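Single-structure report; data block below.
This structure is a prediction, so every number in the text was calculated from the model and none was measured. For the single chain, residues carry numbers from 1 onward in sequence order.
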Amino acid sequence: MRVSIPAKGENATVEVDGHRVPLTNLGKVFWPDLGLTKRDLLEYYATIAPVLLPHIRNKPMVMKRYPHGISGDFFFMKRTPAGRPDWIETCPVSHGSGNIIDFPMAQDTAALLWLINLGCIDLNPWYAPCATPRLPQYLHFDLDPCDAPFEAVRESALIVRDALQSLGMTVYPKTSGGDGMHLYVAIESGPDQHEVWGIAKTISFELAKAHKDILTSEYKIAKRPRNRVLLDYNQNRFGATLASIYSVRPTKSASVSTPVTWDEVEAGIEPDDFTMRNVPARVAKLGDLWKPLTEKRGRYDLSKLFGSATHA
């Protein structure tokens with residue numbers, strides 16, 4: 001059942017998923033130029049929750065909190081805040097130092113709204129489920145335009161798609177919600193995060209070498225050629241995150257990281273085509289274009305590429 005956010009009042013408590021979720025400062029303006037408030041943000045996530053949750057459920061979440069909206073300071077937070085409701089599930093993850101961090105998880109709409117109420121405009125889940133945090137479910141590429149135009153990002157996405165398809169992979173594109181794009185491949189569970197990173201690095205290096213006029217895999221800014229799209233393979237490393245599908249971004253247009261079709265990429269999408277105001281209607285019309293990524297079938301066996309990967 002869809003949750004409605006109260007249209008009036010600064011504070012409210014909503015009943016959802018059998019839990020009471022306190023919502024605060026609902027009238028606070030999060031997007032000054034658009035007049036959009038924290039209430040609008042919560043309303044968006046309450047609406048999009050049915051298609052969003054299957055993609056982020058059971059995954060540790062890194063919180064990026066904007067308590068005063070996009071014009072204020074923000075901060076990252078990994079550990080679940082003290083005093084959380086007992087129905088907020090957490091995922092304990094051990095890092096190399098032996099330090100164990102209890103990440104929150106958005107298991108249902110109630111937990112999702114609780115996270116958004118903390119000022120989390122965008123959502124940054126891990127690529128692996130809590131049960132196996134070092135075994136990612138995706139191979140992905142973050143196309144960062146740096147100083148290149150978005151036209152180059154679209155062209156780069158098609159180059160990467162064609163290369164991955166030649167290896168037998170099905171590639172799912174989405175806008176980043178910023179000025180780039182994200183390309184995902186669903187993979188079978190088994191390869192650890194470092195192995196997946198190695199594959200991503202090898203593919204990125206080879207593509208950058210073959211398409212020097214538009215792509216680069218050079219991570220160091222000082223050495224990076226201008227007007228090239230960066231294939232950011234390092235986003236595949238352990239503990240890294242990208243903005244989730246259907247995640248609102250802290251941009252002036254309230255843009256949303258939105259799944260798109262390859263026909264749309266070829267036709268010429270733009271970064272601000274998809275926003276908090278129009279994405280719910282798009283999803284109601286088209287459904288979840290990334291639904292196959294939530295299914296067990298059709299996942300690519302990445303181990304067949306291990307012989308060509310560089311494990312640096």
Side-chain angles (χ1 to χ4, degrees), residues 1-32 34-91 101-126 130 177 241-252 254-257 275-277 279-280 283:
M1 184 177 68
R2 186 184 178 286
V3 181
S4 293
I5 306 301
K8 297 181 179 180
E10 280 297 298
N11 303 310
T13 298
V14 295
E15 297 273 354
V16 54
D17 298 322
H19 306 300
R20 292 172 58 84
V21 185
L23 306 177
T24 57
N25 301 312
L26 293 172
K28 182 175 286 187
V29 177
F30 269 29
W31 282 269
L34 300 176
L36 294 174
T37 65
K38 187 178 181 182
R39 174 183 282 109
D40 295 314
L41 180 66
L42 285 159
E43 182 69 26
Y44 166 81
Y45 277 112
T47 301
I48 212 73
V51 292
L52 166 62
L53 288 170
H55 293 277
I56 64 175
R57 189 178 284 121
N58 297 320
K59 293 185 173 67
M61 185 76 65
V62 175
M63 294 166 284
K64 187 178 181 183
R65 297 177 63 177
Y66 292 79
H68 302 293
I70 68 169
S71 299
D73 293 334
F74 67 88
F75 60 94
F76 287 95
M77 188 174 184
K78 296 181 178 180
R79 198 178 303 276
T80 308
R84 65 175 173 84
D86 58 10
W87 42 267
I88 295 292
E89 294 186 35
T90 62
C91 177
I101 297 177
D102 285 321
F103 291 84
M105 293 189 292
Q107 300 295 72
D108 51 28
T109 303
L112 174 63
L113 296 182
W114 179 82
L115 283 167
I116 303 306
N117 189 64
L118 293 177
C120 297
I121 290 178
D122 46 12
L123 298 170
N124 298 275
W126 281 39
C130 180
T241 62
L242 285 174
S244 165
I245 182 176
Y246 303 121
S247 173
V248 182
R249 305 306 306 278
T251 61
K252 289 185 177 181
S255 54
V256 172
S257 184
T275 71
M276 197 167 76
R277 285 173 162 164
V279 165
V283 172

Legend entry - Residues which pass side chain to side chain donor-acceptor pair (under 3.5 Å) with Thr47, listed by chain and number, not counting sequence neighbours: Arg2
Inset, instruction - Would you please name every residue forming a side chain to side chain contact (heavy atoms under 4.5 Å, CB included) with Arg84, sequence neighbours left out? - result: Thr80, Ile88, Thr90, Trp114
Legend entry - Listed once per pair and sorted, the disulfide bond (SG atoms under 2.5 Å apart) pairs that draw on residues 51-91, sequence neighbours left out: Cys91-Cys130
Inset, instruction - Without swapping roles, check the side chain of Arg20 against the backbone of Thr13 for a donor-acceptor pair under 3.5 Å. - result: no
Inset, instruction - Mark yes or no for whether Ser247, through its side chain, and Leu123, through its backbone, hold a donor-acceptor pair below 3.5 Å. - result: yes
Legend entry - All side chain to side chain contact (heavy atoms under 4.5 Å, CB included) counterparts of Ser71, not counting sequence neighbours: Pro32
Legend entry - Atom NZ of Lys28: over 12 foreign heavy atoms under 6.0 Å: yes
Inset, instruction - State whether the number of non-hydrogen atoms from other residues, nucleotides or ligands found under 6.0 Å of His19 atom NE2 is greater than 12. - result: yes
Legend entry - Which residues share a side chain to side chain contact (heavy atoms under 4.5 Å, CB included) with Pro250, sequence neighbours left out: Tyr66, Ile70, Ile121, Asp122
Legend entry - Pairing residues for His55 by the side chain to side chain donor-acceptor pair (under 3.5 Å) criterion, not counting sequence neighbours: Asp288
Legend entry - Main-chain N/O of Thr241 paired with Asn124 side-chain donor or acceptor, under 3.5 Å: no
Legend entry - Residues that Asp40 engages under side chain to side chain contact (heavy atoms under 4.5 Å, CB included), provided they are two or more places apart: Leu36, Thr37, Met276
Legend entry - N/O donor-acceptor pair under 3.5 Å between Asn25 side chain and Lys38 backbone: no
Inset, instruction - Please identify each residue that fulfils ring-ring contact (aromatic ring centres under 6.0 Å, His included) with Phe103, with sequence neighbours left out. - result: Trp126
Inset, instruction - Please round to the nearest 0.5 Å and tell me the distance separating atom NZ of Lys64 and atom CE of Met77. - result: 16.0 Å
Inset, instruction - Answer yes or no: is there a donor N or O on one side and an acceptor on the other, between the side chain of Tyr45 and the main chain of Val248, under 3.5 Å? - result: yes
Inset, instruction - Give a yes or no answer on whether the side chain of Asp17 reaches the backbone of Thr109 with a donor-acceptor pair at less than 3.5 Å. - result: yes
Legend entry - Residue list, side chain to side chain donor-acceptor pair (under 3.5 Å) with Arg65, at least two apart or on another chain: none
Legend entry - side chain to side chain donor-acceptor pair (under 3.5 Å) against Asn58, all qualifying residues, sequence neighbours excluded: Gln107
